[in-house]
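See structure below.
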Amino acid sequence: MSKQILILPGDGIGPEIMAEAVKVLELANDKYSLGFELSHDVIGGAAIDKHGVPLADETLDRARAADAVLLGAVGGPKWDTIERDIRPERGLLKIRAQLGLFGNLRPAILYPQLADASSLKPEIVAGLDILIVRELTGGIYFGAPRGTRTLENGERQSYDTLPYSESEIRRIARVGFDMARVRGKKLCSVDKANVLASSQLWREVVEQVAKDYPDVELSHMYVDNAAMQLVRAPKQFDVIVTDNMFGDILSDEASMLTGSIGMLPSASLDANNKGMYEPCHGSAPDIAGKGIANPLATILSVSMMLRYSFNLQDAADAIEKAVSVVLDQGLRTGDIYSAGCTKVGTQEMGDAVVAALRNL
Ligand code: NAD
């Protein structure tokens, strides 16, 4: 049976980078007989222009019916002044929430060819390949009660709540273990169990889930130490699983180890590994329409889609290899350019990956 992929290019550089990612996906589809059927729709500002809302119901229905969604980026100055509730970013939050995408995967991969682009010493980061699995729909960002109250002495006090149920922890822990199983078989669970009750339960449940994954080596680390270790010796990690807030902070820290946001893909998964795949960056209005955006984060999002939603490891490996070949050839978009390399535009970069994939 064919597998349905919904393509949502979005705004700004979204359509430019998506065009290149789709070329790579279509070639992989033919070359490896993957049986994908692609359909296209609008989200974000493009959807506001067409439907008056950033995510039309019919688009959401198509996303629900699809086996995976590939998204570019949303937003831009054109829509910055409209009512907050129908801004482009609302479309993104809505599709994530409505599809129940609780597992956010953010790899931080530094291709050795780009070691100079990192702010850390090349020997610390060369070959870096870690994956942060962040819980995306629970914890302190959603917990109730929250608010501000006035104390007896007249001073205001604000408070948030950090709730995690066993089932919420169990399902994200499983994502972490599943990911570790298809990678380096090492999972580090990050918490603050020396202080937080929610983290104590987190640790307990992760330990329970570990019994189903005897082939994965589990370790625990406090979040303050993890933040330090990520810049001290990031290559000690394979997969990190953590809660919503810790994951928010650590994944941004980890992404900067790799130098350019134009290289970073991401995935958000539901309980059945149905996912939405997108680059970590935004719609980059400052360079939109110039043909100079780096399409590699979106192309690598295609690779993640093949790997995590469809378990097509060989095809996923091939796309990553093709990207590596192109970097070996010295081709660079502006954001990853360094002296001695050849500067190329979005389309040339996409064509080069297609050519490299074809020749593998
Ligand atoms: P941004 O990620 O769009 O851009 C930050 C900087 O990185 C810019 O200088 C941009 O030119 C550069 N950049 C980003 N992607 C690049 C690429 N592929 N190649 C080369 N350079 C690249 O972040 P921003 O400027 O804060 O936000 C711009 C718009 O994007 C806003 O409307 C924001 O709300 C939206 N946004 C959307 C998403 C998303 O769709 N997931 C995420 C973040 C921001």
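For ligands, and for the atoms within them, numbers begin at 1 and follow the listed sequence. Remember, it's a predicted structure, so these values are computed and weren't measured experimentally.
- Taking Asp67 as the reference, nothing meets the salt bridge (Lys or Arg N to Asp or Glu O under 4.0 Å) condition, with sequence neighbours excluded.
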Pairs under 3.5 Å, nitrogen or oxygen of ligand 1 with protein nitrogen or oxygen:
{"residue": "ligand 1", "atom": "2 (O)", "partner": "Gly282", "partner atom": "N", "Å": "2.7"}
{"residue": "ligand 1", "atom": "3 (O)", "partner": "Gly282", "partner atom": "N", "Å": "3.4"}
{"residue": "ligand 1", "atom": "3 (O)", "partner": "Ser283", "partner atom": "N", "Å": "3.2"}
{"residue": "ligand 1", "atom": "3 (O)", "partner": "Ala284", "partner atom": "N", "Å": "2.8"}
{"residue": "ligand 1", "atom": "9 (O)", "partner": "Asp286", "partner atom": "OD2", "Å": "3.0"}
{"residue": "ligand 1", "atom": "11 (O)", "partner": "Asp286", "partner atom": "OD1", "Å": "2.9"}
{"residue": "ligand 1", "atom": "11 (O)", "partner": "Asp286", "partner atom": "OD2", "Å": "3.0"}
{"residue": "ligand 1", "atom": "15 (N)", "partner": "His281", "partner atom": "ND1", "Å": "3.3"}
{"residue": "ligand 1", "atom": "18 (N)", "partner": "His281", "partner atom": "NE2", "Å": "3.1"}
{"residue": "ligand 1", "atom": "18 (N)", "partner": "Asn294", "partner atom": "O", "Å": "3.0"}
{"residue": "ligand 1", "atom": "19 (N)", "partner": "Asn294", "partner atom": "N", "Å": "2.9"}
{"residue": "ligand 1", "atom": "30 (O)", "partner": "Ser283", "partner atom": "N", "Å": "3.1"}
{"residue": "ligand 1", "atom": "30 (O)", "partner": "Ser283", "partner atom": "OG", "Å": "3.1"}
{"residue": "ligand 1", "atom": "32 (O)", "partner": "Gly76", "partner atom": "N", "Å": "3.3"}
{"residue": "ligand 1", "atom": "32 (O)", "partner": "Glu89", "partner atom": "OE2", "Å": "3.4"}
{"residue": "ligand 1", "atom": "34 (O)", "partner": "Glu89", "partner atom": "OE2", "Å": "2.5"}
{"residue": "ligand 1", "atom": "40 (O)", "partner": "Val74", "partner atom": "N", "Å": "2.9"}

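- For the side chain to side chain donor-acceptor pair (under 3.5 Å) test, residues two or more places apart in sequence or in another chain that qualify with Asn311 are Gln313.
- Looking at Val323 and Glu320, their side chains never come closer than 4.5 Å, going by heavy atoms from C-beta outward.
- Panel note: side chain Lys235, backbone Ala126; a donor-acceptor pair is recorded below 3.5 Å.
- By the salt bridge (Lys or Arg N to Asp or Glu O under 4.0 Å) test, Asp270 pairs with no residue at all, sequence neighbours left out.
- Residues Pro234 and Gln229 are not in side-chain contact: their nearest non-hydrogen atoms beyond the backbone lie 4.5 Å or more apart.
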